[in-house]
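Whatever order the structure lists ligands and atoms in, that order sets their numbers, starting from 1.
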Amino acid sequence: MPPRRLLLVLLPFLTVLCPLVPGRGEQRAAPGKIAVIGGGIGGTAAAYFLRQKFGRSVRIEVLERGEVGGRLATVEVEGESYEAGGSVLHPLNLHMKHFAKELGLPALPVPSNLMGIYNGEEFVFEESSWYIINVLKLLWHYGFSPLRMNMWVEDILDKFMRIYRYQTHDYTFSTYERLFHALGGNDFIQMFNQTIDEAMQKASFSQKFINEMVCPAMRVDYGQGVNINGFVGAVSLAGAGSGLWSVKGGNKLVCTGLIYASKADVIAGTVVSIEPKTRKRSTGDPVNLYHVTYDTPSGQTGDIYDIVVIAAPLNRKIANITFKNFSPPVPEFSNPYQQTVATFVHGRLNASFFGYRDPSAFHLGAIFTTENPKLFINSVGIVSPVENRGSEEKPPLQSAVWKIFSREVLTKEQLNLLFSSYDSVKVKKWLAYPHYSPPNEFPPIILHDNIYYLNGIEWAASAMEMSSIAAKNAALLAYHRWYGNTDKIDQEDLYEKLKTEL
Ligand SMILES: Cc1cc2nc3c(=O)[nH]c(=O)nc-3n(C[C@H](O)[C@H](O)[C@H](O)COP(=O)(O)OP(=O)(O)OC[C@H]3O[C@@H](n4cnc5c(N)ncnc54)[C@H](O)[C@@H]3O)c2cc1C
Ligand SMILES: *[C@@H]1O[C@H](CO)[C@@H](O)[C@H](O)[C@H]1NC(C)=O
Ligand SMILES: *[C@@H]1O[C@H](CO)[C@@H](O)[C@H](O)[C@H]1NC(C)=O
Ligand SMILES: *[C@@H]1O[C@H](CO)[C@@H](O)[C@H](O)[C@H]1NC(C)=O
């Protein structure tokens, strides 16, 4: 056996023996208690990775004011549940894939419906059920742009995938600028400073293609047009690929599963403030701790923690948390979030509203839209329940459950225009994701010695996988900073280093 292999085999034993080796006794004691604020995918994944790193002895508490799952939630329509928030995962979302597998949650393919792009007057593109016709139509309308776009997105995705390698090797970053720079260098950073429109124009895509093919995808995924940053735009375009999936029973099951797997305690409460406290150890050394105050149905209470991980957007309208008596003060970030309304309607779509003279010829199951101030919806599409996906695709003219995304709550008049008949309506209003207007600066990850903030990553792109990546980064950062492993933090040229390492 080559020595290297031998070392790998022995490694687990060595780690077990280490606490017995003298000298390690000088190592700092493990933290006693960690608070994670927010029980969405970011917070629950953080609890999971924190447990992995810090081991069994630390207490982990997840403070959640609503339901575990956060922006992963389902609504019930006519006895079946549908994804109302984060719904679709990419086949290369490796953390989410790993969670589902580890937790024994089956993945279901997301059925694809025939798609049309409506500009407020007519359809500028309609998909056919014949693959070859689609290819020809795309070629006719946009030349090789669709093909080039796939290559453009793939190149970004390739670089993005480096994060998994870094994280597997325990490397972490103290700012999101550094993290993204380590993935794609200045080209990546540049993408946060320009719109997807600018980025694609520079890559010489035609304005027609950008307006008719790219913009509609941004409108479905982020409720905004091509003024969002280039990176989130590319993420959105990657989501137009094949192999998309979601978790059977609802994506939120990943969050409850991660809580269980991490053996964290969930505490029902709304965190209102965090305050630093210094205590003297028996040895006389000062210890820095945090007092977290939260509201519960039975009144205000609080507790003391060694480490605090904030996994909810710090925004007065979302996680309204006051940092008391910090010096220097924790800066406040002005970071608006975009309102998106998801409306579920069981009914028949009004094909004449979309310009069809002969409604029986209407065969689309998903309608995307271009930018047009007259339009009061971003998209409308048939959805299937979280329990049984992709069984039979209903012909759209029969009654089906449609999900509509819009900026504002739809009025009765608007619903009456969109549907020729309907019998039930469910509305879910979200402060959904950042309102992107590049150049965007990232909020810091480290807010204080042992306070970490995850959701700044949403300013690169808001997605389940992004929160999971931020969660692992923060858990590693908290761990390495606690034990002083500076060699694992903010390493430059990691890509080259890891290439030669194995
Ligand atoms: C309509 C919609 C569609 C989407 N579609 C997709 C998609 O298809 N694919 C995809 O990958 N992503 C999608 N996303 C984005 C994705 O859902 C989010 O990026 C992700 O769920 C964010 O997770 P999080 O844990 O970071 O935040 P959240 O899920 O928001 O979790 C934060 C949690 O903190 C809690 N909280 C807030 N303040 C406090 C407080 N003061 N005290 C205690 N608890 C507090 C909240 O109740 C919440 O549970 C979509 C989002 C929306 C809204
Ligand atoms: C991007 O914009 C930020 C803030 O405006 C600026 O500090 C940074 O230098 C810019 N980066 C690049 C690569 O252009
Ligand atoms: C945020 O909290 C502060 C202090 O608790 C309160 O005064 C303020 O009204 C809250 N803001 C919002 C938008 O709820
Ligand atoms: C359908 O759309 C057409 C065209 O906008 C509109 O005139 C009609 O009132 C709508 N409703 C029904 C039930 O057909």
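Of the options G86, A46, S468, P313, the smallest heavy-atom separation from atom 51 (C) of ligand 1 is shown by G86.
Checking only distances, N350 does come within under 3.5 Å of ligand 4, N or O to N or O. By the 3.5 Å distance cut-off applied to N or O atoms, L89 is not counted among the residues near ligand 1. Below 3.5 Å of separation, one finds no N or O of W430 facing any N or O of ligand 1. On a distance-only criterion, A432 and ligand 1 share no N/O pair closer than 3.5 Å. For ligand 1, none of its N or O atoms has an N or O atom of T270 under 3.5 Å away. Residue S467 has at least one N or O atom closer than 3.5 Å to an N or O atom of ligand 1. Taking distance alone, with nitrogen or oxygen atoms compared against 3.5 Å, V271 approaches ligand 1 more closely than that limit.
Look at S87 and you'll find a heavy atom under 4.0 Å from some atom of ligand 1. Taking 4.0 Å as the cut-off, K428 does not count as a neighbour of ligand 1 on heavy-atom distance. Within the structure, the closest approach of A84 to ligand 1 falls below 4.0 Å when heavy atoms are considered. The closest approach between a heavy atom of N416 and any atom of ligand 4 is below 4.0 Å. Using a 4.0 Å cutoff on heavy atoms, Y294 does not count as a contact of ligand 1.
A tilted orientation is assigned to the rings of F231 and F160, their planes being inclined by 30° to 60°. Taking the six-membered ring for Trp and thresholds of 30 and 60 degrees, Y82 and F344 have ring planes inclined between 30 and 60 degrees apart. Using cut-offs of 30° and 60° on the angle between ring planes, the pair F354 and F123 is tilted. Between F99 and F49, the ring-plane angle classifies as tilted under the 30° and 60° cut-offs.
Taking a cut-off of under 4.0 Å to the non-hydrogen atoms of E67, the atoms of ligand 1 that pass are 49 (O). Residue contact check: F353 has heavy atoms under 4.0 Å from atoms 2 (O), 4 (C), 5 (O) of ligand 4. For ligand 1, the atoms lying closer than 4.0 Å to a non-hydrogen atom of A319 are 38 (N). The ligand atoms of ligand 1 that sit less than 4.0 angstrom from a heavy atom of G42 are 24 (P), 25 (O). Set against the non-hydrogen atoms of F405, the atoms of ligand 1 under 4.0 Å away are 1 (C). Within ligand 4, counting atoms from 1 as listed, the ones closer than 4.0 Å to a heavy atom of S420 are 13 (C). Proximity to G70 (heavy-atom distance under 4.0 Å) selects the following atoms of ligand 1: 29 (O), 48 (C), 49 (O). Counting the atoms of ligand 1 from 1 in the order shown, those under 4.0 Å from a heavy atom of G269 are 42 (N), 43 (C).
At a 4.0 Å heavy-atom cut-off, ligand 1 touches L63 through the backbone alone. Contacts with ligand 1 closer than 4.0 Å are made by no heavy atom of M466, backbone or side chain. At a 4.0 Å heavy-atom cut-off, ligand 1 does not touch V272 at all. In A311, the part holding a heavy atom less than 4.0 Å from any atom of ligand 1 is the backbone.
For ligand 3, the protein residues within 4.0 angstrom (heavy atoms only) are R316, N320.
Of all heavy-atom pairs spanning V271 and I321, the tightest one is O-CG1, 3.7 Å. When all heavy atoms of N450 and D306 are compared, the closest pair comes out as CB-O, 3.4 Å.
Taking Y48 as the reference, H98, E102 meet the side chain to side chain donor-acceptor pair (under 3.5 Å) condition, with sequence neighbours excluded. Here E121 pairs with K374 under the salt bridge (charged side-chain N to carboxylate O under 4.0 Å, His left out) rule; sequence neighbours left out. Under the rule for a side chain to side chain contact (heavy atoms under 4.5 Å, CB included), S242 has no partner lying at least two apart in sequence or in another chain.
Within 6.0 Å of atom CD in Q300, more than 12 heavy atoms from other residues, nucleotides or ligands are found, so the atom counts as buried in its surroundings. Applying the 6.0 Å contact sphere to CZ of F353 captures more than 12 heavy atoms from other residues, nucleotides or ligands. The 12-atom threshold is exceeded at NZ of K33, counting heavy atoms of other residues, nucleotides or ligands nearer than 6.0 Å.
The side-chain heavy atoms of V345 and V401, taken from C-beta on, include no pair separated by under 4.5 Å. Side-chain contact check for E408 versus V341: every heavy-atom pair is 4.5 Å or farther apart.
The closest side-chain donor-acceptor pair between R59 and Y305, if any, does not fall under 3.5 angstrom. Using modelled atom types and a 3.5 Å distance limit, the side chains of T340 and Y433 yield a donor-acceptor pair. A side-chain donor-acceptor contact under 3.5 Å links T74 and K252.
Protein heavy atom at the shortest distance from atom 27 (O) of ligand 1 is R71 NH2, 3.1 Å.
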